[in-house]
There are 2 protein chains.
Amino acid sequence: MRIVFPLYPRFTALDAIGPYEVLSRLPGAEVVFAAVAPGPVTTDTGTLTVLAETALADIADCDVVVVPGGPGCLEAGQDAAYTGWLAAVHPKTRWTASVCSGSLLLGAAGILDGLPATSHWAVAETLPMFGAIPTPRRTVFTGKIVTAAGVASGIDMALALAAELTDRETAESIQLFIEYDPQPPFDTGSPDKAPAPMVERVRAQVMADV
Amino acid sequence: MRIVFPLYPRFTALDAIGPYEVLSRLPGAEVVFAAVAPGPVTTDTGTLTVLAETALADIADCDVVVVPGGPGCLEAGQDAAYTGWLAAVHPKTRWTASVCSGSLLLGAAGILDGLPATSHWAVAETLPMFGAIPTPRRTVFTGKIVTAAGVASGIDMALALAAELTDRETAESIQLFIEYDPQPPFDTGSPDKAPAPMVERVRAQVMADV
């Protein structure tokens, strides 16, 4: 089972590493970190660099693709080598997934036209630019596409996807392996739970990064 | 505020990247991924490589150190260059933190003697080898040391630590930024929630990796 993470400069690390930590533990999983140009790829903070071992052009098909989000998605969405690869590989996948603003990249590749999708709460309103129907849920499954909300939601998405790819017990075992028994010390993880001024401040931060 | 992640071969990616995604967003944070030998460091799955930009020997002090766990912790715990650095830097930190079996590395560095600590549930029973008192909680704060349970618990730990390093509102804003509003599709994230046969199977998997 070949699982590809197509990286690009200024992606958000946890968008990819959360699902990676789940999906890489599936029996028979072969994980590939790839990019238009293979080599070091630096994340949005500028302080973490991950190696993309493979060129996207060298990957003709795969079982699962997981597209991370991040402020670099604007440039990636205008890179025909990136979106063209997504468009070409999507018909051959078992599942096409995104986390955070990664759904905007699926949109830029023409994959979400007319379909419900989610994204980071601060950018979800841009989904209709790509013909997608904003659906404010943590994960949105539609056919063989699954989109997840912001950054940390990729872990929830990947566990649900793991069950689809194998079975529930396998996914539950991975949850136990990674001790994903969340106990956040605060309860401000979504815009409907956080105070309105905080929501507006963080929205401005997110937009400033892009 | 200098925050160092001391990596080693076969660490578990999410142990580091979860806390990184939180702590790197603190105002004034300067994150450093380091290792005994700087350069590419491959994680436990063998499919993800992260660059350690700095040699541990070149870091004389820092505000925060976050030690990840992973099956490579056994070798790292026997590497005097690694544990010696931990022991030398700890007296100078504001906070010394670990995730998962990273607490065994704090133990190997002599930092946990007589102190309560947690770790991945499958290896927590080895904490007394280092004089630590196993404490089965998601995060254990003792003085300026905080240990977290398995893999995903590092996100919970880092949010609590973020509040200690700054203030509660800053930490809550980061939680909103990374949309950490967990909605796991299953409820098997800890050994007291999962069925006993699953616990024993996963325990064997964890031990086989080490």
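Chain naming here is simple, since letters A, B, ... match the order of the sequence lines and numbering starts at 1 in each. Hydrogens, waters and symmetry mates play no part in the numbers below; they use all other heavy atoms, side chains included. Quick caveat: nothing in here was measured; it's all calculated off a predicted structure.
For A:I174, no part lies under 4.5 angstrom from a heavy atom of chain B. With a 4.5 Å cut-off on non-hydrogen atoms, A:S173 touches chain B through its backbone and its side chain both. Contact of B:P40 with chain A is made through the side chain alone, with heavy-atom distances under 4.5 Å. For chain A, the nearby parts of B:T49 are the backbone and the side chain; heavy atoms of each come within less than 4.5 Å. For A:E30, no part sits under 4.5 Å from any heavy atom of chain B, backbone or side chain. Looking at A:E172, the atoms closer than 4.5 Å to chain B (heavy atoms on both sides) sit in the backbone and in the side chain alike. Residue A:Y20 touches chain B through its side chain alone, counting heavy-atom pairs closer than 4.5 Å. Only the side chain of B:R25 comes within less than 4.5 Å of a heavy atom of chain A; its backbone N, CA, C and O stay farther away. With a 4.5 angstrom heavy-atom cutoff, B:T43 touches chain A only via side-chain atoms.
Proximity to chain B among residues 115-129 of chain A is limited to A:S119, A:H120, A:W121, judged by heavy-atom separations below 4.5 angstrom. Of all residues in residues 183-200 of chain A, those placing a non-hydrogen atom less than 4.5 angstrom from a non-hydrogen atom of chain B are A:Q183, A:P184, A:P185, A:F186, A:D187, A:T188, A:G189, A:S190, A:P191, A:K193, A:A194, A:M198, A:V199.
You'll find the side chain of A:V31 stays beyond 4.5 Å of the side chain of B:T45, heavy atoms only.
Using a 3.5 Å distance cut-off with no hydrogens or angles, the side chains of A:Y180 and B:S153 do not pair a donor with an acceptor.
Between chain B and the options A:C100, A:G18, A:A149, heavy-atom pairs under 4.5 Å are most frequent for A:A149.
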